[in-house]
Structure formats: structure tokens, C-alpha cells
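Contents: one structure, followed by commentary.
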Amino acid sequence: MITIKKIAIGIFAVSILISCGKGTKKEIESVSNKVQNQPNIVFILSDDQSWTDYSFMGDKNIETPRIDKFASESLTFTKGYVPTPLCSPSLASIITGLYPKKHGILGNDKVYERVKGDRKTSQKNRAEAYKPIISAFEKQSTLPDMLKEKGYLSFQTGKWWHGGYKIGGFDYGMTHGNPKRGGRHGDYGLKIGREGLDTINNYVDLALKEKKPFFLWYAPFLPHRPHNPPQHLFEKYKKKTDSEHLAKYWAMIEWFDETCGQLFDLIEDKGLTENTLFVYVCDNGWKQNPDKSGYMSDSKRAPYDLGIRTPIMYKWAGKIKPKMDTETIVSSIDMVPTVLDILNIKKPDNLPGISVLDTKALNKRKGIFGEVYAHDFDTIENSMFYNMAIFPPYKIIVPDPVRKKGEVVQLFHIDEDPYEKKNIAARNPEIVKDLKEKIAGFRAN
């Protein structure tokens with residue numbers, strides 16, 4: 001478990017949390033009455049999971065009972081997308097509401113000099129190269145920044161690539177982001193979920209003590225590797241497959257599901273469920289290689305739906321009507337505008353997303369876009385791998401002519417071919433032309 005002692009070592013000032021104690025029933029009622037139109041907000045982020053890998057999405061092997069229940073209680077979009085199939089830029093899009101080309105985080109690392117046989121120097125070079133990226137990202141307006149005008153406290157736990165939690169506008173957080181202390185993509189934050197939810201419990205109690213609504217970023221390192229699930233879950237899934245790697249991955253997903261249940265129970269035990277908006281998304285896809293510990297080439301870091309598609313869910317009991325929407329295309333860039341809409345905060349003009357509660361805007365939208373850049377990135381022009389446009393029922397993948405020389409344009413009818421096996425570009429030149437023009441317009445803005 002993440003104890004107060006551990007938090008004191010490196011997460012945040014323990015004295016603040018020790019003083020807050022448990023929220024009493026009177027305190028909870030006071031906070032609930034004060035912020036009845038300002039729900040607490042909880043973002044739940046899965047990490048490296050295919051859009052298919054939930055029992056409510058039809059998987060016959062994996063059991064996700066708590067997420068299934070959550071999906072049934074939510075406005076659930078089964079055709080959700082993230083703009084890019086890699087964690088750091090995807091997380092940056094979720095917190096800013098911007099495409100990677102606008103927020104500036106194109107990959108996981110800035111191009112840096114690797115010194116063969118000298119890991120310490122290589123890590124130092126990597127950290128130095130990334131400093132200006134962090135400085136530039138700090139100037140972006142994030143959701144925690146926008147929530148300050150409504151008096152929200154914002155808490156970061158779990159995966160967070162972009163320096164320390166303060167870079168994202170959070171008031172408190174687990175990730176220090178200091179390269180000299182091993183900070184890179186979450187550091188202490190990666191303990192959440194895998195080692196319990198003590199920190200979240202303390203954060204929520206702090207918000208109750210301060211009588212403020214809160215925004216919680218719950219991005220556990222799950223089901224991300226290392227795939228080291230609890231033994232009872234591993235034994236359970238070993239009976240379903242001959243592949244040890246599949247069994248471990250499936251077990252990790254149920255472990256993540258268990259932690260989501262613990263989070264729901266924590267919020268419920270404090271009497272806050274009725275006034276909490278929960279939003280669920282996965283940062284990028286993953287298709288487990290059955291023969292080794294790794295992913296298949298058509299999933300993570302790839303422009304296919306196995307890399308960028310995810311269910312996206314919104315739950316606010318009694319305020320958002322549950323519905324399983326299997327047709328509407330939505331994106332993680334819509335998460336920030338949806339929250340702003342609920343709170344009656346004016347959406348900044350630079351945000352391309354829309355509120356998913358605005359039916360008129362959803363019906364008007366024709367499509368969304370995606371981008372894939374190099375893992376170690378430089379400029380947009382020097383790092384571009386693919387552009388995607390998803391305009392149902394079609395999706396186009398356009399490779400960069402320099403960095404993906406020799407690859408052809410791919411067009412798929414994703415309603416009929418959700419796993420993108422049949423490239424129909426050659427027999428649909430007009431559709432290809434139209435979608436390429438849309439991508440050109442997207443890149444120009």
C-alpha cells in the first residue's frame with residue numbers, strides 16, 4: 001500500500017494530508033450542497049489496452065465486471081478514439097484538449113544522443129533534450145488550469161510524462177518528474193493502483209476538509225507492462241490459453257478492473273458518487289503478442305484502430321442519461337470541452353473538440369483526425385509518420401512520403417471491416433482525394 005510515510009519521502013507535503021483526517025458526514029453534506037452544480041471530476045485512464053479487451057465489448061476471455069457495470073451506467077461511446085497511439089502525446093491531448101501538433105508533445109522523447117555502453121550519459125542527454133519541451137508545455141492551458149476559476153483542487157496520480165505534476169496545473173500530485181531521481185513517465189505516481197489507493201483517499205479527504213470540488217487524474221500503470229498480475233488472476237487465465245503472455249495480459253486487465261472498483265467504492269463510501277462525474281478512456285491500444293512479452297505491430301504506435309480506438313464513457317448519476325452509443329465517433333479531445341460545458345466555462349477558441357452532451361454539435365461533426373510521429377521526435381515535419389482521417393464509414397491512413405517511403409495510402413470501410421484488413425483505396429480514388437484534402441486542411445490549421 002502507498003502509506004503516509006512513503007508519501008512523505010517524495011510525493012508531497014505529508015503534513016497537509018495528516019491534518020485533514022477523514023471527511024465526516026456533516027462535511028460531506030456541506031461540500032455536496034455547496035457544489036451541487038460543480039461535480040467532482042474523475043478521469044480514469046487505462047494504459048495499453050485494446051478497444052476489444054473488455055467483456056462488455058464482446059471479449060469472451062477477459063472479465064471486467066466493474067467496468068462493465070460502469071459502462072451500463074454511463075453515456076458510453078464504443079467508437080471513441082485518441083489522436084495518437086503513444087502514451088505521452090495521448091496523455092497531453094487528454095489534459096489539454098489539443099491535437100499533438102498543437103500541444104507540442106509529439107512522442108515520448110525528444111531526439112537525443114545515445115552513447116553506446118554509457119546509460120547514465122544517455123539518460124542525461126535525454127533529460128536535457130526534453131527540458132525545452134517541458135518548458136513549452138507548461139505554458140499550455142490544461143484542464144486543471146481551467147478549473148481553477150471554479151475553485152477546484154486538482155490531484156494527479158499515475159502515469160504522467162510531462163515533468164512534475166505542477167507542469168500540468170495540478171495542485172497536488174505523486175509525480176515529481178525529476179530525471180536525477182528517476183523521474184520520467186510517472187515515478188512515484190506509477191505506484192497508484194498497483195499498491196493501493198491510499199494516496200487518492202488522502203487527496204479526497206483534503207478536498208472535503210477544504211470544502212472544495214476536486215478533479216482527480218487516475219492513470220494507473222495498468223494493464224501496462226510489467227505484466228506481473230496477482231497470482232490468483234494469473235492462475236485463472238492460464239486455464240483459458242496455452243500462451244503465458246496472453247494469460248498475464250488478460251490477468252492485468254482484470255487487475256485494472258479491480259482497482260477501478262476500489263476507486264468507485266472509495267467515492268461511494270464518502271457519499272460522493274451522486275455528485276461526481278466519471279470519465280473513462282484508454283491512452284492507446286495494445287494487441288498482445290502470444291509468443292513473447294510485447295505488442296503486435298498493428299497496435300501500439302500504429303495508425304490502425306488497434307492503436308487508437310477506445311471506449312470513452314461519461315457517468316454522472318441522475319444528470320447524464322446512460323446509453324450505449326455504437327455509432328457516434330468521438331475523441332479524447334472532446335473530454336475537456338465536455339467538462340467545460342457541464343461547468344458552464346467558456347470553451348477556449350483553440351480547442352478543436354466538442355461537448356459530447358451537445359447533440360447538435362455531434363450530429364454536425366463529420367469526422368476526426370489522428371497523427372503518428374516518431375517515438376523520438378524533432379519538428380513536426382521531421383518526425384511525421386502518418387496522418388489519419390476518420391470520416392465514417394471511411395478511415396484513411398496517409399504515410400509520410402519521406403519517413404514511410406514506399407508505403408501506400410490505405411482506405412478502410414471501418415463499419416464493415418473494423419480490423420482494417422481490406423485496403424479499398426485503389427477502387428475509391430474520389431474518397432481518397434476528398435479525405436487527403438481534409439487532412440491537408442487539418443495540417444494547415
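Excluded from the calculations below are hydrogen atoms, water molecules and symmetry mates; all remaining heavy atoms, backbone and side chain alike, are included.
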Quick one: are the ring centres of Tyr203 and Phe155 less than 6.0 Å apart?
yes

Fit a plane to each ring of Phe278 and Phe70, take the angle between them on a 0 to 90° scale, and name the class: parallel (under 30°), tilted (30 to 60°) or perpendicular (over 60°).
perpendicular

Contacts of Lys364 that satisfy side-chain hydrogen bond (donor to acceptor under 3.5 Å, both in side chains) - sequence neighbours left out:
none

Classify the ring geometry of Tyr280 against Phe256: parallel below 30°, tilted from 30° to 60°, perpendicular beyond 60°.
tilted

Does a side-chain N-to-carboxylate-O contact under 4.0 Å join Lys79 and Asp415?
yes

Salt bridge Asp378-Lys110, side-chain N to carboxylate O under 4.0 Å
yes

Could you report the tightest heavy-atom contact between Leu435 and Ala389, atom names first, then the distance?
O-CB, 4.5 Å

Any residue meeting ring-ring contact (aromatic ring centres under 6.0 Å, His included) with Phe215, in chain and number order, not counting sequence neighbours
Phe43

Please name the residue in the list Thr84, Ile308, Ile397 that meets the side chain to side chain contact (heavy atoms under 4.5 Å, CB included) test with Pro303.
Ile397

I need the minimum non-hydrogen distance between Thr175 and Gly186, along with the two atoms involved.
OG1-O, 2.7 Å

Residues passing the salt bridge (charged side-chain N to carboxylate O under 4.0 Å, His left out) test with Arg184, sequence neighbours excluded, are Asp109

Can you name the salt bridge (charged side-chain N to carboxylate O under 4.0 Å, His left out) partners of Lys347, sequence neighbours left out?
none

Give me the ring orientation class for Phe221 and His224: parallel if the planes are under 30° apart, tilted from 30 to 60°, perpendicular past 60°.
parallel

Asp283/Lys300 salt bridge by N-O under 4.0 Å criterion
no

Under a 4.0 Å threshold between the charged nitrogen and the carboxylate oxygen, would Arg301 count as salt-bridged to Asp298?
no

With sequence neighbours excluded, tell me which residues meet ring-ring contact (aromatic ring centres under 6.0 Å, His included) with Phe214.
none

So, using side-chain contact (heavy atoms from CB on, under 4.5 Å) as the criterion, who are the partners of Arg225 when residues are at least two apart?
His227, Trp286, Ser293

Over all atoms of both residues, closest heavy-atom pair of Tyr237 and Asn61
CE2-O, 3.1 Å

Side chains of Asp341 and Thr338: any donor to acceptor distance under 3.5 Å?
no

Ionic contact status for Lys422 with Glu416, cut-off 4.0 Å:
no

Any heavy-atom pair between the side chains of His185 and Ser88 that's under 4.5 Å?
no

What pairs of residues pass the ring pair (Phe, Tyr, Trp, His ring centres under 6.0 Å) test when at least one of them lies in residues 90-109, not counting sequence neighbours?
Tyr99-Phe442

When every non-hydrogen atom of Leu411 is compared with those of Asn423, the smallest separation belongs to N-OD1, 2.9 Å

Does NZ or CZ of Lys287 lie under 6.0 Å from the centre of the six-membered ring of Tyr295, at an angle within 45° of the ring axis?
no

Here the pair of heavy atoms bringing Leu266 nearest to Val204 is CD2-CG2, 4.3 Å

Glu63 with Lys240: basic N within carboxylate O range, under 4.0 Å:
yes

So, Arg194 versus Asn228: side-chain donor-acceptor pair below 3.5 Å or not?
yes

Determine whether a donor-acceptor pair (N or O, by modelled atom type, separation under 3.5 Å) exists between the side chain of Glu138 and the backbone of Gln140.
no

So, for Gly169 and Pro144, which heavy atoms are closest and what is the spacing to 0.1 Å?
O-CB, 3.4 Å

Using a strict cut-off of less than 4.0 Å between a Lys/Arg side-chain nitrogen and an Asp/Glu carboxylate oxygen, indicate whether Asp305 and Lys395 qualify as a salt bridge.
yes

So does Ile414 get a backbone contact from the side chain of Asp417, meaning a donor-acceptor N/O pair under 3.5 Å?
no

Do Asn201 and Lys270 have a side chain donor and acceptor closer than 3.5 Å?
yes

Does Phe56 have any ring-ring contact (aromatic ring centres under 6.0 Å, His included) partners at least two apart in sequence or in another chain, and if so, which?
Tyr54

Has Ser55 got a side-chain atom pairing as donor or acceptor with Thr64's backbone, closer than 3.5 angstrom?
yes

Using a 4.5 Å cut-off on heavy atoms from C-beta on, say whether the side chain of Leu343 contacts that of Tyr152.
yes

Under 4.0 Å between a side-chain nitrogen and a carboxylate oxygen: does that hold for Asp434 and Lys438?
yes

Does the ring centre of Tyr165 sit less than 6.0 Å away from the ring centre of Trp217?
no

Could you work out, with salt bridge (charged side-chain N to carboxylate O under 4.0 Å, His left out) as the rule, every residue matching Asp187, not counting sequence neighbours?
none

Residues that Trp255 engages under ring-ring contact (aromatic ring centres under 6.0 Å, His included), provided they are two or more places apart
none

Looking at Lys166 and Asp171, is there a salt bridge between them, counting it only when a charged N and a carboxylate O are closer than 4.0 Å?
no

Check step by step if ring-ring contact (aromatic ring centres under 6.0 Å, His included) holds for Phe391 and Phe369.
CA-CA 9 Å; Phe391 282 68; Phe369 298 93; 5.6 Å; yes

Excluding sequence neighbours, so at least two apart, what forms salt bridge (charged side-chain N to carboxylate O under 4.0 Å, His left out) with Lys366?
none

Any pair with a residue in residues 71-95 that passes ring pair (Phe, Tyr, Trp, His ring centres under 6.0 Å), sequence neighbours left out, goes on the list, sorted by first then second residue, please.
none

